[in-house]
Amino acid sequence: MAERSTAAVDVADSSGEQSLTAQADQSTADGVAQNRERDTESDEAQGSARTESSGKVSSPELHSGHKLARRYRLEECVTRLDGFSSWRAVDEKLRRAVGVHILPADHARARSVLAAARSSALLGDPRFVQVLDAVEENDLVYVVHEWLPDATELTTLLATGPLEPYDAYQMVSQVAAAMAAAHREGLAHLRLNPNAVLRTSTGQWRIRGLAVNAALRGVSSDTPQRTDTEAVGALLYAALTQRWPYENDAYGLSGLPKDLGLIPPDQVRAGVHRGLSELAMRALANDGATASRHESPCTTPEELVKAIGEMPRIRPPEPAFTAPPEYQRTTYQQGTYGRPAAHPGVTQPVPTPPPPLQSRTGKALKWAVSALLIAALGLGSWQLADALMERDGKAGDQNQTQTTDGDDKDGRQTRPSKPLAIQGAQEYVAKGDAQAPEDVGKTYDADSSTYWRTKSFYDGPEMKPSFKPGVGIVYDLGSAKQVSSASIGLRFSGDHTTVTLYAADSLSPVGPVDSMRKLGSATTNGDSASVQVGKPVKTQYVLVWFTALPYAPGDQYSGSGYKQAVTDVEFKG
């Protein structure tokens, strides 16, 4: 099933550059270090990639406030090195922060940087920091890319200690799968280091630096797949041990002791997960680790992804619950309000109850209260008898028999369900490209005019598993909660939409949809869907998965075809 592209980046290359595959052998990274000190890390610490000399070319003399294309306003220079500079900027047209790499048009690497940026923009994989624009204008070449203010570099995460086994497993799984997808399109990285790997606030791992950064540095490799696989192994090694797996110190991490060679992570640090330790050794350039481990080495990202899939899945740690404080009775509840507390060890005398009302006024008050109670009881009895007689008369005339509601068996009523708050969401990509990962938050923003949309497909309504088994979003409920139903608002009606709920193990599940627990399914021709869970299930993560889409006309985002958009999602439990 063919998919229509909705990319807004002009990727036409009329300059006669080499093909994407050829360019991939010469260019690799898109991300740039955040400051000058990090940016000058030795390339030897990265592996076997070569750096070409660019000659003496000075960076363009730019300043904060300068505008490119009357749109991108430069804010802060984060790197100025080797004839190019990198900036944090503001896209005044879309009112968002972006990153910009700038170099002179006559720079020796200007053409390769443009070609690398356009190749990276074609990939469109949400696991990479996206290239938004690549322009040659006014004797300058500049590349505009995403800026992720909520993301944290792996370098920063490792500054406080190694990652937990589950976090390290998620990192290597997502990074390896992303690099495998890039190499299938002929793109390499070659500068994949802790500065280039980011974790977002939702727990997703993103890679910056695909193709562009290597072109900026003139880095190349005769074996790009081997180089990137070894780099992923080095990242996993550092995540497990908080040490860089070479003799040189790099990226704020201490290197291994000299003349000791490469030793497994579980021999560097106690308590390291054995399976992840072996995986790191298979990815690094050591022919499969020590003599006690006979697994074959992983020389490509695809082989590394396969090795990860053969490992037992590492489950997230159980949430730690703190015991509530002991119940403390207050002085008011103890009946001592307004009196000083007794000294320790002194027995508190039991207060004597006040005497009953014995005065003439008290007796009169008692008789008055008794008379009122008798009158109230008499009136209530009369009204009750009258109501019973009236009901019996109606029952005799109409000869009707009352029945009990089926939901009220044994005198018990079904507990009403309540809405469950959504704490976060992330698009789930089982195969092919993502749809609109930046819009998933619009499905639970309490605004029915905003929505997350799919792309437009030629065939339908049922999606083709061989091309795209489905599209959907994973929602985070904050903690494990009992889910009984889901209400989903849809933008397009027609024949027909099929949606299924699954219980996922994380916000970024690694396995296929078939491996998840199915909660319920619904098919509709209208603009809303209600999915009931047969037996309420406790889960923190719920996947809303679409496998059939109705036909809809073209709009500002995509042409006519089989597609759908989600306006609102609400879970109840």
Side-chain angles (χ1 to χ4, degrees), residues 126 202-204 417 419-448 450-455 457 460-463 465 468-493 496-534 536-550 552 562-573:
T202 60
Q204 181 185 19
S417 58
L420 303 178
I422 298 175
Q423 303 298 329
Q426 183 172 305
E427 188 171 314
Y428 176 69
V429 182
K431 189 173 183 180
D433 298 332
Q435 305 302 296
E438 69 280 2
D439 293 333
V440 294
K442 298 178 181 178
T443 62
Y444 59 97
D445 60 356
D447 185 356
S448 299
T450 60
Y451 50 85
W452 166 86
R453 66 188 183 281
T454 71
K455 295 182 180 179
F457 300 93
E462 301 293 335
M463 304 186 73
K468 195 79 170 174
V471 293
I473 301 174
V474 179
Y475 291 91
D476 181 4
L477 303 180
S479 61
K481 292 184 174 63
Q482 186 167 281
V483 179
S484 60
S485 65
S487 300
I488 303 161
L490 306 173
R491 182 173 175 80
F492 303 116
S493 58
H496 57 273
T497 301
T498 299
V499 58
T500 305
L501 302 185
Y502 291 92
D505 59 359
S506 68
L507 199 58
S508 304
V510 178
V513 174
D514 294 342
S515 65
M516 305 179 194
R517 181 175 179 180
K518 182 177 179 181
L519 305 182
S521 183
T523 299
T524 179
N525 292 333
D527 57 2
S528 65
S530 179
V531 182
Q532 299 295 325
V533 180
V537 175
K538 268 197 170 184
T539 180
Q540 179 176 350
Y541 304 98
V542 181
L543 169 62
V544 178
W545 189 240
F546 293 88
T547 54
L549 309 175
Y562 294 91
K563 57 185 178 179
Q564 188 55 277
V566 179
T567 59
D568 301 286
V569 172
E570 182 183 34
F571 298 102
K572 290 186 177 181

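In this text, all values refer to a predicted model and were calculated from it rather than measured experimentally. Just the heavy atoms: all of them, side chains too, but no hydrogens, waters or symmetry mates, feed the values below.
Between Thr498 and Ser521, the closest side-chain pair of non-hydrogen atoms falls below 4.5 Å. Residues Ile422 and Asp476 have side chains not in contact (no heavy-atom distance under 4.5 Å, counting atoms from C-beta outward). Looking at heavy atoms from C-beta onward, Asp439 lies in side-chain contact with Arg453 at the 4.5 angstrom threshold. Between Gln564 and Pro550, some side-chain heavy-atom pair lies under the 4.5 Å cut-off.
Between Val531 and Gly520, the closest heavy-atom pair is CG1-C, 3.4 Å. In plain terms, the two heavy atoms of Tyr444 and Val569 that are nearest each other are CB-O, 4.3 Å. Closest approach of Ser485 and Gln532 over heavy atoms only: CB-OE1, 3.5 Å. When all heavy atoms of Tyr451 and Ala565 are compared, the pair lying nearest together is CD1-CB, 3.7 Å. Here the shortest heavy-atom pairing between Lys431 and Pro469 reads CB-CD, 3.7 Å.
With rounding to the nearest 0.5 Å, the separation of CG in Leu549 from NZ in Lys468 is 11.0 Å. Annotation: the span from Ile488 atom CD1 to Leu501 atom CG amounts to 5.5 Å, rounded to 0.5 Å. The structure places OH of Tyr502 at 5.5 Å from NZ of Lys518, a figure rounded to the nearest 0.5 Å. Distance OG1/Thr539 to CE/Met516: 10.5 Å, rounded to 0.5 Å. Note that CG of Asp505 and OG of Ser515 are 7.5 Å apart. Values are rounded to the nearest 0.5 Å. To the nearest 0.5 Å, atom CZ of residue Arg491 and atom CG of residue Asp568 are 12.0 Å apart.
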Exercise. Using the side chain to side chain contact (heavy atoms under 4.5 Å, CB included) rule, take Thr567 and Leu490 through it: C-alpha gap first, then chi angles, then the decisive distance, then the call.
Key: CA-CA 6 Å; Thr567 59; Leu490 306 173; over 6 Å; no
Quiz item: Which is it for Gln540 and Ser479 under the side chain to side chain donor-acceptor pair (under 3.5 Å) test, yes or no, and what are the steps along the way?
Solution: CA-CA 5 Å; Gln540 179 176 350; Ser479 61; over 6 Å; no
Quiz item: Would Lys442 and Asp447 count as a salt bridge (Lys or Arg N to Asp or Glu O under 4.0 Å) if you check the C-alpha gap in whole Å, the side-chain angles of each, and the deciding distance to 0.1 Å?
Solution: CA-CA 7 Å; Lys442 298 178 181 178; Asp447 185 356; over 6 Å; no
Quiz item: Should Tyr541 and Leu477 be marked as a side chain to side chain contact (heavy atoms under 4.5 Å, CB included) after you check the CA-CA gap, both sets of side-chain angles, and the distance that decides it?
Solution: CA-CA 6 Å; Tyr541 304 98; Leu477 303 180; over 6 Å; no
Exercise. Check the pair Glu427, Gln435 against side chain to side chain contact (heavy atoms under 4.5 Å, CB included), reporting the backbone distance first and the verdict last.
Key: CA-CA 8 Å; Glu427 188 171 314; Gln435 305 302 296; 3.4 Å; yes
Quiz item: Between Ile473 and Thr443, is a side chain to side chain contact (heavy atoms under 4.5 Å, CB included) present by the stated rule, with each step listed?
Solution: CA-CA 10 Å; Ile473 301 174; Thr443 62; 4.1 Å; yes
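Counting only N and O atoms by type, the side chains of Ser484 and Gln482 include no donor and acceptor under 3.5 Å apart. Looking only at atom types and distance, the side chain of Thr450 has a donor-acceptor partner in the side chain of Asp445 under 3.5 Å away. In this structure, a donor-acceptor pair under 3.5 Å is absent between the side chains of Trp452 and Glu438. Counting only N and O atoms by type, the side chains of Ser487 and Glu570 include no donor and acceptor under 3.5 Å apart. Side-chain contact of Thr547 with Glu462: a donor-acceptor pair under 3.5 Å is absent, judged by distance alone.
Ring pair Phe571/Tyr475: centre-to-centre distance below 6.0 Å.
Here the options are Val566, Val544, Thr524, Thr523, the test is side-chain contact (heavy atoms from CB on, under 4.5 Å), and the partner is Val499; only Val544 passes.
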